[in-house]
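I have placed the structure first, in the form of structure tokens, so that the comments after it can refer back to it.
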Amino acid sequence: MKLLLNMIPIWLTSLPFGICIAQSTTFSIKQGALQNRKITHQFILPTASIFSLAPCRMVLSVTVYDRILVPLLRRITRTERGITILQRIGIGMVFSIITMITSSIVEKKRLMVVQNNSLYNLATISMFWLAPQFIIIEIADGFALAGPQKYFYDLVPDSLRSFGIALYLSMVGATNFLSSFMITIVDHVTTRALEKSWFGKNLDSSRLDHFYLLLAMITTLNLCVLVTSRYSYKNVQKKTHMAMADCH
């Protein structure tokens, strides 16, 4: 029970980041459908094609982290991992904030072009404007999602290792439900308060830029909680191995 209680704070603080990740598979794809996807006159990129590069970017970011950043940080900090798992999660949250701000800027740019050209519901800017936010979010993914996975793995003893992984997977699933719930709440509040929802039937009449800024603010507050709470943990796996070594 004590181990479970120690995991809950990190499980909760990782949820806002997961909500940011969820937007890349929902609204970002819809945005791409309204943008210029032409490579040539005869070849048009599928709407979801930009997301297909996500695994490649994820592999690249993790490789750079493990092969370049970790050895460099080991020399600076003189620790085994270079940085702690909690610092890794915090860095991922910073990148997720940058992602949401970038997404807001790109969406605002798209809306301005649509309004200035008076071309309602017509592709105006290239879909490759979405590329920066996808690249940054995958860098954040390599830090903030890989961090909790390692955290839950190290915090539990060998007999509960599967429970730690299950807790990590439950976090990933919970963020998708929370993302849908948050969109419903924001839709309801903005409809009543502003008499116009941020999520219209058409994205050209929506204000996703405001929604992305809202997510950036929530993640910033969440990061502040993580930093100011001074949360610490003990590596149970390491202790277990040390105890076994003492017995021998």
Side-chain angles (χ1 to χ4, degrees), residues 14-38 45-54 57 91-141 143-145 175-224:
S14 298
L15 293 179
F17 171 77
I19 295 175
C20 296
I21 288 285
Q23 309 315 310
S24 63
T25 58
T26 53
F27 289 125
S28 296
I29 302 301
K30 291 184 178 181
Q31 287 174 269
L34 296 177
Q35 296 176 208
N36 186 3
R37 295 177 284 118
K38 289 184 178 180
L45 285 174
T47 304
S49 60
I50 193 170
F51 185 72
S52 65
L53 297 176
R57 292 190 296 268
I91 293 172
M93 289 183 181
V94 171
F95 277 109
S96 68
I97 294 170
I98 297 174
T99 300
M100 291 298 100
I101 295 175
T102 303
S103 300
S104 177
I105 293 173
V106 171
E107 176 61 9
K108 189 171 184 178
K109 168 69 175 179
R110 189 186 69 82
L111 292 175
M112 289 177 60
V113 172
V114 169
Q115 293 172 0
N116 292 337
N117 293 339
S118 299
L119 295 175
Y120 188 80
N121 194 27
L122 187 64
T124 53
I125 63 175
S126 172
M127 188 177 70
F128 288 104
W129 277 79
L130 298 175
Q133 65 195 57
F134 274 91
I135 294 174
I136 300 173
I137 198 64
E138 291 305 322
I139 296 175
D141 199 350
F143 283 93
L145 278 188
T175 55
N176 288 284
F177 285 106
L178 285 176
S179 176
S180 300
F181 179 72
M182 184 176 178
I183 291 172
T184 302
I185 296 298
V186 172
D187 179 50
H188 179 74
V189 171
T190 54
T191 301
R192 295 194 62 179
L194 305 176
E195 298 183 353
K196 183 180 179 181
S197 173
W198 284 357
F199 310 106
K201 293 183 178 180
N202 189 290
L203 289 187
D204 288 344
S205 62
S206 303
R207 295 312 304 260
L208 288 184
D209 54 332
H210 292 169
F211 179 63
Y212 289 146
L213 285 179
L214 176 62
L215 289 178
M217 291 183 352
I218 292 174
T219 308
T220 300
L221 292 175
N222 184 63
L223 177 62
C224 292

[atom1]-[atom2] distance between [X] and [Y], expressed to the nearest 0.5 angstrom:
{"X": "Gln133", "Y": "Met100", "atom1": "CD", "atom2": "CE", "value": "7.0 Å"}
{"X": "Cys20", "Y": "Leu215", "atom1": "SG", "atom2": "CG", "value": "5.0 Å"}
{"X": "Ser96", "Y": "Ile218", "atom1": "OG", "atom2": "CD1", "value": "11.5 Å"}
{"X": "Thr220", "Y": "Met217", "atom1": "OG1", "atom2": "CE", "value": "8.5 Å"}
{"X": "Thr99", "Y": "Met93", "atom1": "OG1", "atom2": "CE", "value": "13.5 Å"}
{"X": "Ile137", "Y": "Ser103", "atom1": "CD1", "atom2": "OG", "value": "7.5 Å"}

(message) Looking at Trp198, I'd like to know if its CH2 atom is crowded, meaning that more than 12 non-hydrogen atoms belonging to other residues, nucleotides or ligands lie closer than 6.0 Å.
(response) yes
Taking all non-hydrogen atoms of both residues into account, name the closest pair between [X] and [Y] and its distance.
{"X": "Ser197", "Y": "Thr191", "result": "CB-OG1, 3.2 Å"}
{"X": "Thr102", "Y": "Pro132", "result": "CG2-CB, 4.2 Å"}
{"X": "Ile19", "Y": "Met182", "result": "CG2-SD, 4.3 Å"}
{"X": "Lys196", "Y": "Ser205", "result": "CE-O, 3.4 Å"}

Taking the side chain as every heavy atom from C-beta outward, state whether [X] and [Y] have any atom pair closer than 4.5 Å.
{"X": "Asp209", "Y": "Arg110", "value": "no"}
{"X": "Thr219", "Y": "Leu223", "value": "no"}
{"X": "Ile183", "Y": "Phe211", "value": "yes"}
{"X": "Leu208", "Y": "Gln23", "value": "no"}

(message) Given 3.5 Å as the limit, does a donor-acceptor pair link the side chain of Ser179 with the main chain of Asn176, or not?
(response) no
(request) Start with the C-alpha gap between Leu214 and Val186, add the side-chain angles, then the distance that decides, and say whether side chain to side chain contact (heavy atoms under 4.5 Å, CB included) holds. (result) CA-CA 10 Å; Leu214 176 62; Val186 172; 3.9 Å; yes
(request) Using the side chain to side chain contact (heavy atoms under 4.5 Å, CB included) rule, take Ser104 and Ile101 through it: C-alpha gap first, then chi angles, then the decisive distance, then the call. (result) CA-CA 5 Å; Ser104 177; Ile101 295 175; 5.7 Å; no
